[in-house]
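A short worksheet on the structure shown next.
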Amino acid sequence: MPDLYFYNSYTRQKEKFEPITPGYAGLYVCGPTVSGESHMGHARPYITFDVVQRYLKHLGYKVRYVRNITDAGHFEEEGREAVDKVNEKAKLEKMEPMELVHKYTMLYRQGMKLFNCEDPAIEPTATGHIIEQISMIETIIEKGYAYEVNGSVYFDVNKYAASYPYGKLSGRVLEDQLETTRELDGQEEKRDKADFALWKSAPPQHIMRWKSPWGEGFPGWHIECSAMSSKYLGETFDIHGGGMDLQFPHHESEIAQSTIAHGHPPVRYWMHNNMITINGKKMGKSYNNQIKLSELFSGNHPMLQQAYHPMVIRFYILQTHYRSTLDFSNEALQASERAFRRLWEAYELLNKLPATAGETAADSELDAKVAQWCRECEEFMCDDFNTAKVLANLFELAPVINGIKGGQVSGKALSATTVALMKDTFHVFLEEILGMQAMQAQQTDKLDKALSLLIEIRSDAKKRKDFATSDQIRNKLASAGIMLKDEKDGTVSYTVE
RNA sequence: GGUCGGAUGGCCGAGUGGCUAGGCACAGCUCUGCAAAAGCUGCUACAGCGGUUCGAAUCCGCUUUCGACCUCCA
């Protein structure tokens with residue numbers, strides 16, 4: 001197993017991955033808050049960490065991948081207030097919190113499936129772990145790092161900071177925070193502005209509420225991840241991932257809570273993906289500039305000229321290193337679509353390549369280069385999951401494959417071993433690790449037979465130099481989204497959009 | 001205001017001291033009835049100004065500029 005290095009946000013440097021239990025890897029990733037439809041910005045962490053967990057598996061680790069769903073809090077849908085239980089008559093007209101959460105959870109899962117993200121091993125919900133959260137809060141109170149006020153419980157950040165490195169993850173100084181923290185709801189209850197809520201007392205109109213030792217209320221935002229990650233991965237686990245915008249206060253708070261509750265920090269390696277920007281600004285709730293996944297897939301958005309296949313989005317995201325910002329534009333997506341189409345066609349061609357290569361390579365220089373491009377893929381992934389470089393190398397291979405097919409490169413140029421290595425590299429890295437898959441559905445036999453007939457008729461017409469007929473067939477099929485290609489060897493292939 | 005991170009060719013984007021990715025677009029050529037595809041070739045950039053060095057996109061300083069976080073946020 002090669003050594004895997006990646007950037008640990010906590011130490012701000014690349015580190016060698018050494019799991020707590022040899023052969024096993026625990027990965028926790030902050031999932032979405034399901035109070036609205038997922039947008040493109042959400043796609044980034046889930047695709048990024050899908051590749052991370054796929055790669056860990058590829059290296060031979062037994063991976064437990066946990067990704068939560070945040071379904072607790074104060075939810076309402078735009079223009080539709082959550083139902084007020086007191087007003088029973090309105091019940092069916094209004095949105096039940098559970099209905100809302102369910103709707104967006106299903107949409108999110110559907111999106112993940114379209115992106116070919118593998119399901120996490122466990123997908124815990126915040127509402128399903130209220131007991132665990134309450135119990136953790138009790139422990140923190142017992143240890144003297146939290147206090148109750150009017151049915152709410154707050155974490156004592158100052159006390160914590162006196163003996164632990166609060167702010168290390170997000171690189172900030174507590175004193176600076178104090179001066180700049182703005183007025184927030186319930187601020188007057190806190191002993192200090194830096195304190196954060198572990199449990200919030202629910203006002204009467206608040207629908208999501210649970211019984212607790214401190215009265216009816218609901219959990220604070222940060223405690224769910226601490227409770228669920230420790231439950232399923234242990235009090236200390238290997239990797240915690242999420243978007244950079246969660247570093248503070250969410251992850252910083254997680255560290256503080258867990259450190260007090262369990263007596264030691266929760267996470268060995270922190271990983272954060274960078275943001276997707278649009279016109280240079282972060283795509284997000286507060287900017288009101290999201291492009292929803294459904295809009296992306298349908299093309300139904302002012303900024304989009306066309307619909308984009310989920311695989312194009314996945315490819316687009318993986319072409320950039322996960323720690324760089326990725327600026328969105330319609331042009332960039334179009335470029336990705338063309339690029340991915342070309343790469344995938346080369347891959348399909350490679351799989352169909354006849355095994356005519358001999359044991360020795362006629363072009364040893366090319367053979368060596370190809371072998372090197374293939375081998376480097378592993379190095380690139382082991383160096384902070386550099387998917388951009390992996391794709392660049394696969395693109396180096398594309399002209400070789402196309403050249404063999406087109407006759408510009410001799411079929412004997414590469415050794416049989418190298419051809420096999422190339423096939424293996426594409427399959428393992430493009431499909432298994434990067435998780436790319438074909439954009440088009442498999443052709444059915446019936447379609448294939450019908451097209452074979454048309455191709456045959458067209459070939460006959462061409463033989464008679466009846467180009468009017470042959471072009472008519474080609475053009476009409478093209479306008480139906482079926483592209484015919486006259487190959488060099490006289491055969492005709494087709495692609496369906 | 002505080003903290004942090006960027007500024008790379010027409011566009012998107014890798015890259016931490018010399019070997020100067022890759023994609024898209026563009027131009028020429030090859031192939032071709034035409035087209036598409038494919039192949040070959042070309043386009044050689046690192047915000048500005050200083051400094052370190054034999055040598056810097058890469059290290060240091062300053063300037064300009066953009067952004068992220070500090071508040072729900074992937």
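Residue numbers begin at 1 in each chain, while the letters A, B, ... track the order of the sequences. Side chains are part of it too, since the values below use all heavy atoms of this structure and drop only hydrogens, waters and symmetry mates.
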Base, sugar-phosphate, or nothing: which does [X] touch, judged by heavy atoms less than 4.0 Å apart?
X      : value
A:Y46  : sugar-phosphate
A:I276 : base
A:M244 : nothing
A:N386 : sugar-phosphate

Pairwise [atom1] distance, [M] and [N] [rounded to whole Å]:
N     : M     : atom1 : value
B:U3  : B:U41 : C1'   : 50 Å
B:G15 : B:U44 : C1'   : 15 Å
B:G17 : B:A56 : C1'   : 6 Å
B:C19 : B:G13 : P     : 24 Å
B:G9  : B:A25 : C1'   : 12 Å
B:A57 : B:C40 : C1'   : 29 Å
B:G23 : B:C66 : C1'   : 24 Å
B:A7  : B:U63 : C1'   : 13 Å

Do the rings of [X] and [Y] sit parallel, tilted or perpendicular, given the 30° and 60° boundaries?
X      : Y      : value
A:W270 : A:H272 : parallel
A:F426 : A:Y347 : parallel
A:Y164 : A:Y160 : parallel
A:H222 : A:H250 : tilted
A:H129 : A:Y232 : perpendicular

Checklist entry - Toward the 5' end of RNA chain B, which comes first, A:G284 or A:F328, by nearest nucleotide? => result A:F328
Checklist entry - More 5' along RNA chain B: A:G171 or A:D245, using each one's nearest nucleotide? => result A:G171
Next on the checklist: Base of B:G33, side chain of A:D471 - is there a donor-acceptor contact under 3.5 Å?
Outcome noted: yes
Next on the checklist: Using a 4.0 Å cut-off on heavy atoms, which residues in residues 461-469 of chain A reach RNA chain B? List them by number, or say none.
Outcome noted: A:K462, A:F467
Check every atom of [options] against the side chain of [X] and return the nucleotide holding the closest atom.
X      : options             : value
A:L326 : B:A74, B:G67, B:G13 : B:G13
A:E396 : B:G22, B:A14, B:C69 : B:G22
A:H39  : B:C34, B:G13, B:A74 : B:A74
A:A339 : B:G23, B:A35, B:G13 : B:G23
A:K389 : B:C34, B:G15, B:A74 : B:G15
A:F248 : B:G15, B:C69, B:A74 : B:C69
A:D327 : B:G13, B:A68, B:G33 : B:G13

Distance, rounded to the nearest Å, where [X] contributes [atom1] and [N] contributes [atom2]:
X      : N     : atom1 : atom2 : result
A:K281 : B:A74 : NZ    : P     : 19 Å
A:Y322 : B:G15 : OH    : P     : 11 Å
A:L391 : B:C24 : CG    : P     : 12 Å
A:H42  : B:C72 : NE2   : P     : 15 Å
A:M483 : B:A35 : CE    : C1'   : 9 Å

Checklist entry - Can the ring centres of A:F115 and A:F297 be said to be less than 6.0 Å apart? => result yes
Checklist entry - Do A:Y154 and A:F196 make the cut of ring centroids closer than 6.0 angstrom? => result no
Neighbour count above 12 (heavy atom, 6.0 Å) for [X] [atom1]:
X      : atom1 : result
A:N288 : CG    : no
A:E456 : CD    : no
A:Q306 : CD    : yes

Item to check | Working for ring-ring contact (aromatic ring centres under 6.0 Å, His included), residues A:Y269 and A:Y10 | outcome: CA-CA 7 Å; A:Y269 304 89; A:Y10 193 73; over 10 Å; no
Checklist entry - Is the Lys NZ or Arg CZ of A:R323 less than 6.0 Å from the centre of A:Y7's six-membered ring, within 45° of the axis? => result yes
Checklist entry - Taking the six-membered ring of A:F248, is NZ or CZ of A:R172 closer than 6.0 Å to its centre and within 45° of its axis? => result yes
Item to check | Strand RNA chain B as a dot-bracket string - pairs counted if Watson-Crick or G-U with both distances under 3.5 Å, | where the partner lies in another strand | outcome: (((((((..(((.....[...))).(((((.......)))))....(((((..]....))))))))))))....
Hey, does the side chain of [X] come within less than 4.0 Å of [N]'s phosphate (OP1/OP2), counting only N and O?
X      : N     : answer
A:Y287 : B:C72 : no
A:R338 : B:A25 : yes
A:S38  : B:A74 : no
A:S324 : B:A14 : yes

Checklist entry - Please walk me through it: do A:Y108 and A:Y46 pass ring-ring contact (aromatic ring centres under 6.0 Å, His included)? => result CA-CA 11 Å; A:Y108 157 75; A:Y46 307 130; 5.5 Å; yes
Next on the checklist: Protein within reach of the bases, or only the backbone? For nucleotides 37-48 of chain B, mark each nucleotide 5' to 3' as B, S or -, using heavy atoms under 4.0 Å.
Outcome noted: SBS---------
